[in-house]
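Report on one structure; see the data block that follows.
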Amino acid sequence: MKTINNLLWVLFAGVLLVSCGKADYRKTPGGMPYQLIKGSDTQQIKEGDFIKVHFTRKIKDSVYFTTEGGLPVYLGVQVAKIAQPYDISELWTSMKLGDSVIATQMLDTFIKRDPQSVPKDFKRGDKITYYLKVVGVFKSDSAARADYDNLNKQWLDGEIKTIEKYLADKKITAQKTPSGAFVEILNPGTGNLIDSGKYISVNYTGTSWSGKTFDSNTDSTFQHVGPYPFVAGTGAMIKGFDEAMMFLKPGGKAKIYIPSVLAYAGSPGSPLIKPYENLIFEVEIVTVQDKAPVQPRVPGSSIQPVQQ
C-alpha cells in the first residue's frame with residue numbers, strides 16, 4: 001500500500017539522520033526521548049481529533065508489533081490527565097498530518113514507576129523504540145469510522161480475491177458466506193441447515209494459511225479436547241466461522257476458508273498466526289440443540305472473536 005511505503009521511506013530517512021549524528025532528539029515532559037520528522041501538511045492535530053497512524057514497535061532489535069503490510073490503527077486524541085505521562089500521547093497535539101516520530105522508552109522507567117504493570121517477558125535494560133507516522137486526521141468519530149470501513153472493505157475485497165484464486169487453482173468447490181468466507185462441504189450431514197440461535201457443538205482444527213496448526217479441540221497439545229459448544233449466528237465466534245455454520249447440517253463436515261478481516265485481522269493473539277493472515281478451519285458438527293442448557297462455557301478457544 002502507498003501509505004506503508006511512504007511510512008517506511010520516512011522512517012528510513014530518520015534512521016539515516018540518527019546514524020549520521022544529525023538527529024535532533026528532544027525529551028517530552030515525561031522524559032521520553034524523541035525525534036520529530038516534519039511532513040509537508042499544515043493540518044494540526046488537536047485534542048478530540050481521531051488520527052490514523054502506521055507504526056512499528058521494537059524491543060531491543062526485535063519487532064514486537066507493526067502495521068507494516070497491514071491496516072493502520074485509529075486512535076482518539078486525548079491529553080493525558082496524569083501528572084507525568086511517558087508515551088506517544090504526550091506528542092499528539094504538537095504534531096501535524098504527515099509528521100513522523102522516532103521515540104524511545106526505557107523499561108527501567110516503567111519498572112520504577114509501576115513494576116506491577118510491566119509484562120514478565122520484559123527485562124531491565126530493555127529499550128522500546130517506536131517508528132510512527134500520522135497518515136490521517138479526522139474531526140469526528142463518525143468520519144474516522146467511515147474511513148476505517150472503506151479501508152477495511154478494500155482490504156477484505158483483496159483477501160477474497162486471494163482465496164478465490166486459491167480455490168480455483170486447487171479446483172475446490174466452495175460456497176461463499178454473506179461477508180466473504182468460503183465453505184467447502186466435505187460431508188453434508190443430515191436434517192435441516194443450522195439456524196441462527198441454535199446451540200451447537202463442534203470439533204475443529206485451525207491452520208494458518210502457511211499450513212501451521214494453531215488450535216484444535218481434537219489434539220491434546222492444545223489442552224482443551226472435547227466438542228466446543230456455542231450459540232450459532234450470534235457473534236459468539238469469529239465472523240467467518242460463525243457465518244459458515246449456517247451452511248451445515250447435524251453431522252456435517254466442512255473446510256472453511258476465512259479472510260483475516262473476518263477472523264483476527266492484525267491482532268491474531270498467537271505466534272503461529274501472522275497479522276492479516278487468512279485462516280483455514282476443518283470443522284465437524286457434533287450436536288445441534290434448540291437452546292443452550294444452563295452450564296458454564298468452555299474456556300480457551302481461538303474461534304472466539306477478538307475483544308476490541
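Just so you know, residue 1 is the first one in the sequence shown, and it goes up from there.
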Problem - From CA spacing to verdict: salt bridge (charged side-chain N to carboxylate O under 4.0 Å, His left out), Asp290, Lys198 - result: CA-CA 5 Å; Asp290 287 334; Lys198 294 290 186 180; 2.4 Å; yes

Exercise for the section: Go through the steps to decide whether Asp147 and Tyr74 satisfy the test side-chain hydrogen bond (donor to acceptor under 3.5 Å, both in side chains), and finish with yes or no. Expected result: CA-CA 10 Å; Asp147 187 82; Tyr74 292 74; 2.6 Å; yes

Exercise for the section: Any chance you could lay out the side-chain hydrogen bond (donor to acceptor under 3.5 Å, both in side chains) test for Thr56 and Glu68, step after step, and finish with the verdict? Expected result: CA-CA 7 Å; Thr56 293; Glu68 179 185 349; 5.0 Å; no

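Side-chain contact between Ile102 and Tyr25: present, with at least one pair of heavy atoms (C-beta onward) separated by less than 4.5 Å. Side-chain contact check for Lys274 versus Ser208: every heavy-atom pair is 4.5 Å or farther apart.
Within 6.0 Å of NZ on Lys161 lie no more than 12 heavy atoms contributed by other residues, nucleotides or ligands. With a 6.0 Å radius and a threshold of 12 heavy atoms from other residues, nucleotides or ligands, Asn192 has its CG atom at or below the threshold. No more than 12 heavy-atom neighbours from other residues, nucleotides or ligands sit within 6.0 angstrom of NZ on Lys255. Within 6.0 Å of CG on Asp61 lie no more than 12 heavy atoms contributed by other residues, nucleotides or ligands.
Side chain of Tyr86 to main chain of Met106: a donor-acceptor pair is present (N/O by atom type, distance under 3.5 Å, no hydrogens or angles). Checked by atom type and distance alone, the side chain of Asn217 never pairs as donor or acceptor with a backbone atom of Val225 at under 3.5 Å.
Qualifying side-chain hydrogen bond (donor to acceptor under 3.5 Å, both in side chains) partners for Glu282, counting only residues two or more places apart in sequence or in other chains: none. Remark: Trp92 pairs with no residue by the ring pair (Phe, Tyr, Trp, His ring centres under 6.0 Å) rule, at least two apart or across chains.
Classification of the Phe241-Tyr204 ring pair by plane angle, with boundaries at 30° and 60°, yields perpendicular.
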